Colleague: 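To start, I am sharing the structure in question, which I have written as structure tokens.
Note that this is a predicted model, so its numbers are computed, not measured. The analysis underlying the following values was restricted to heavy atoms, covering all of them including side chains, and did not include hydrogens, waters or symmetry mates. Letters A, B, ... mirror the listed sequences (proteins, then strands); counts begin at 1.
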Number of protein chains: 2
Amino acid sequence: MSLGVVLQVRDGVLQVLLWQRARAPFEGSWSLPGGYLVPDETLETSIRRHLADKVDVRELSHLEQLETLSDPQRSPQEWQLATAYLGLVPSELDPRVPSDTDWHPVDGLPALAFDHEAIVLAGRERLRAKLSYTNLGFALAPAEFTISELRDLYAAALGHDVSATNLQRVLLRRRVLEGTGRLRPPGPAGGRPGALFRFRKQTLEITDQFAVLRPPGPARVPVA
Amino acid sequence: MSLGVVLQVRDGVLQVLLWQRARAPFEGSWSLPGGYLVPDETLETSIRRHLADKVDVRELSHLEQLETLSDPQRSPQEWQLATAYLGLVPSELDPRVPSDTDWHPVDGLPALAFDHEAIVLAGRERLRAKLSYTNLGFALAPAEFTISELRDLYAAALGHDVSATNLQRVLLRRRVLEGTGRLRPPGPAGGRPGALFRFRKQTLEITDQFAVLRPPGPARVPVA
DNA sequence: GCAAAAGTGTTGTGTCTACACCCATGT
DNA sequence: ACATGGGTGTAGACACAACACTTTTGC
């Protein structure tokens, strides 16, 4: 079967979409959405189908495989293999979800069915790691945003404060962001209007390729 | 089913263990070792069992899950899910393998059955990435080695030259290596004897935790 | 003018590459 | 002595964090 860890920053907090089980085992407790495969279906197709059917989530900005769980003890009833996926939803969307489905902060989860808590935490770890060395921020952010707004998204996902100053410089140096030329007018409290940025790419790219032990040769020239 | 990408540096070249198929489809062509699960078996148990049974490889220094393949077209006969694992064998071992099994350089693979070529390359990518930001080198190296020997292993795995000078400094600064106090006597051509080192840990550890966007606060003190 | 929010200048630090130089051994 | 291979010293490039300062707005 396939399972989806769908994450979104909502109200400034990283949240995961959970589904309340209607049947034993773990009747009534929260679990990850997902379900069985149908014949000749890809795992990715399967999780997309289950997310669209059961929880009406279609606007995934990113989807990647996490891991496959196979411990014979993970389900009390039967031996069950499950492949978990990480899905991300941009921050301004509010997909309509059925009544048995809701968002929960990843800090402060209720008791989850099966081994789902560990899977949620693994998904968050994957997100945190990739925010550091890829452009994955595109999947959390709306189409256009100010640096402050983006800083809040990164802070919620990473779980610690992020400096807007340095975030801007890192992402611009890596050419992950580009300015739109437009400005966001300030709120009623005043303040300088913020410049609006967007991600240059909406697909995953590694932006910090070689941590160390990179190939010999002259320093790579920054893209002109 | 489970599949294993077993890699080892042999004769200074990164090689993968392949198994020659005896049955259709792809009769006679090379493929990754592996096979079906038996009930109540973990995927990891399964791949270890198949590697031990069929190819007599028991001395894996590292084993981790790569990904699960599910394309309905990947096997011409039937719809087949396969979970691929990356296994590593230290460089000085020469496990006894049956006659239908052999090592092949990853640069210069024969035509492989199914989608196995892509899986091998994915395994190599995983290895290359983790050599940069973890202590995974322990899984390629013998118990003790000189920096030159280790340099050759890294160069074979990474596919480019590596400077022994800098490799030593990086791995010592990160406290991944430690000296043994012993020396390797020089060969017949003479030369200064090389100091012998070993990896401090034989289990995977991240040694370059935050590429960027690390939490605020005073600089982490290097371990005294 | 003053508060609020955004953005820039600048300094310091740590980590890495590159390369010159020195050290220990065999013949 | 000299060739061979191992190891250290050091300088420069770079990316980043931190923080002070400036800019632009509302009131």
Colleague: Between B:Asp94 and B:Arg10, is the closest basic N to carboxylate O distance under 4.0 Å?
Modeller: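 Result for this pair is yes, salt bridge flagged.
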Colleague: Should A:Glu149 and A:Arg184 count as an ion pair when the cut-off is N to O under 4.0 Å?
Modeller: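 Counted as a salt bridge, because a side-chain N and a carboxylate O are separated by less than 4.0 Å.
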Colleague: Which part of the nucleic acid, if any, lies within contact of B:Ala195, taking any heavy atom under 4.0 Å across all strands shown: a base, the sugar-phosphate backbone alone, or nothing?
Modeller: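 Sugar-phosphate contact only.
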Colleague: Measure from CZ on B:Arg192 to C1' on C:dA24 and round the result to the nearest Å.
Modeller: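 Answer to the nearest Å: 6 Å.
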Colleague: Just the rounded figure in Å: distance from C1' of C:dC23 to CZ of B:Arg184.
Modeller: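 Going from CZ in B:Arg184 over to C1' in C:dC23 covers 19 Å.
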Colleague: Quickly work out the B:Asp208 CG to C:dG14 P distance and round it to whole Å.
Modeller: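 Atom-to-atom, B:Asp208 to C:dG14, this comes out as 16 Å.
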Colleague: Is there a donor and acceptor pair closer than 3.5 Å between the side chain of B:Arg169 and the base of D:dT10?
Modeller: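 Indeed there is one.
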Colleague: Can you tell me how far P of C:dT17 sits from CG of B:Asp161, to the nearest Å?
Modeller: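 Those two atoms, CG and P, are 13 Å apart.
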Colleague: Below the 4.0 Å mark, does C:dC16 have OP1 or OP2 next to a side-chain nitrogen or oxygen of B:Arg174?
Modeller: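 Indeed, a polar side-chain atom of B:Arg174 lies that close.
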Colleague: Mapping A:Leu167 and A:Pro193 onto DNA chain D by nearest heavy atom, which one lands closer to the 5' end?
Modeller: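 Of the two residues, A:Leu167 wins.
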Colleague: Have a look at A:Ser148 and say if it touches a base, only the backbone sugar-phosphate, or nothing, with a 4.0 Å heavy-atom cut-off.
Modeller: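 Contact class for A:Ser148: sugar-phosphate only.
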Colleague: Whole angstrom is fine here: how far is it from CG in B:Leu150 over to P in D:dG5?
Modeller: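 The distance from CG of B:Leu150 to P of D:dG5 comes to 18 Å, rounded to the nearest Å.
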Colleague: Take atom CG of A:Leu183 and atom C1' of D:dT24, then tell me their distance rounded to the nearest Å.
Modeller: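 So the two atoms are 10 Å apart, to the nearest Å.
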Colleague: So that I can tick it off, tell me whether A:Arg200 and A:Glu205 are bridged by a salt bridge, with the cut-off set at under 4.0 angstrom between side-chain N and carboxylate O.
Modeller: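 No salt bridge links A:Glu205 with A:Arg200.
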Colleague: Rounded to whole Å, please give me the gap between CZ in B:Phe145 and P in D:dG6.
Modeller: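 Value for this atom pair: 14 Å.
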Colleague: Looking at the side chain of A:Asn166, which of D:dT25, D:dA17, C:dC16 is the nearest nucleotide?
Modeller: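 Nearest to the side-chain atoms of A:Asn166, counting from C-beta on, is D:dA17.
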Colleague: Run the salt-bridge test on A:Glu64 and A:Lys130 with the 4.0 Å N-O cut-off and return the result as yes or no.
Modeller: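 Salt bridge present between A:Glu64 and A:Lys130.
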Colleague: Heavy atoms from C-beta onward define the side chain here; which of D:dC16, D:dG26, D:dG5 lies closest to that of A:Val170?
Modeller: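 Among D:dC16, D:dG26, D:dG5, the one nearest the side chain of A:Val170 is D:dC16.
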Colleague: Reckon B:Thr146 touches a base, only the sugar-phosphate, or nothing at all at heavy-atom distances under 4.0 Å?
Modeller: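 Result for B:Thr146 = nothing.
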Colleague: Does a nitrogen or oxygen in the side chain of B:Arg173 sit under 4.0 Å from OP1 or OP2 of C:dC16?
Modeller: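 Yes, such a contact exists.
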Colleague: Does a side-chain N or O of A:Gln168 approach OP1 or OP2 of C:dT8 to a distance below 4.0 Å, or not?
Modeller: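 Checking C:dT8 against A:Gln168, a side-chain N or O does come within under 4.0 Å of OP1 or OP2.
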Colleague: From the set D:dC19, D:dT25, D:dG9, return the single nucleotide nearest to any side-chain atom of A:Thr165.
Modeller: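 In terms of side-chain proximity for A:Thr165, the closest of D:dC19, D:dT25, D:dG9 is D:dC19.
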Colleague: Between A:Asp107 and A:Arg124 (salt bridge meaning N to carboxylate O under 4.0 Å), is one present in this structure?
Modeller: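 A salt bridge links A:Asp107 with A:Arg124.
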Colleague: Whole angstroms only, please: what is the CG-P distance between B:Asp152 and D:dG6?
Modeller: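 Value for this atom pair: 9 Å.
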Colleague: Just call it for B:Pro188: base, sugar-phosphate, or nothing, with non-hydrogen atoms closer than 4.0 Å on any strand.
Modeller: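 Contact class for B:Pro188: sugar-phosphate only.
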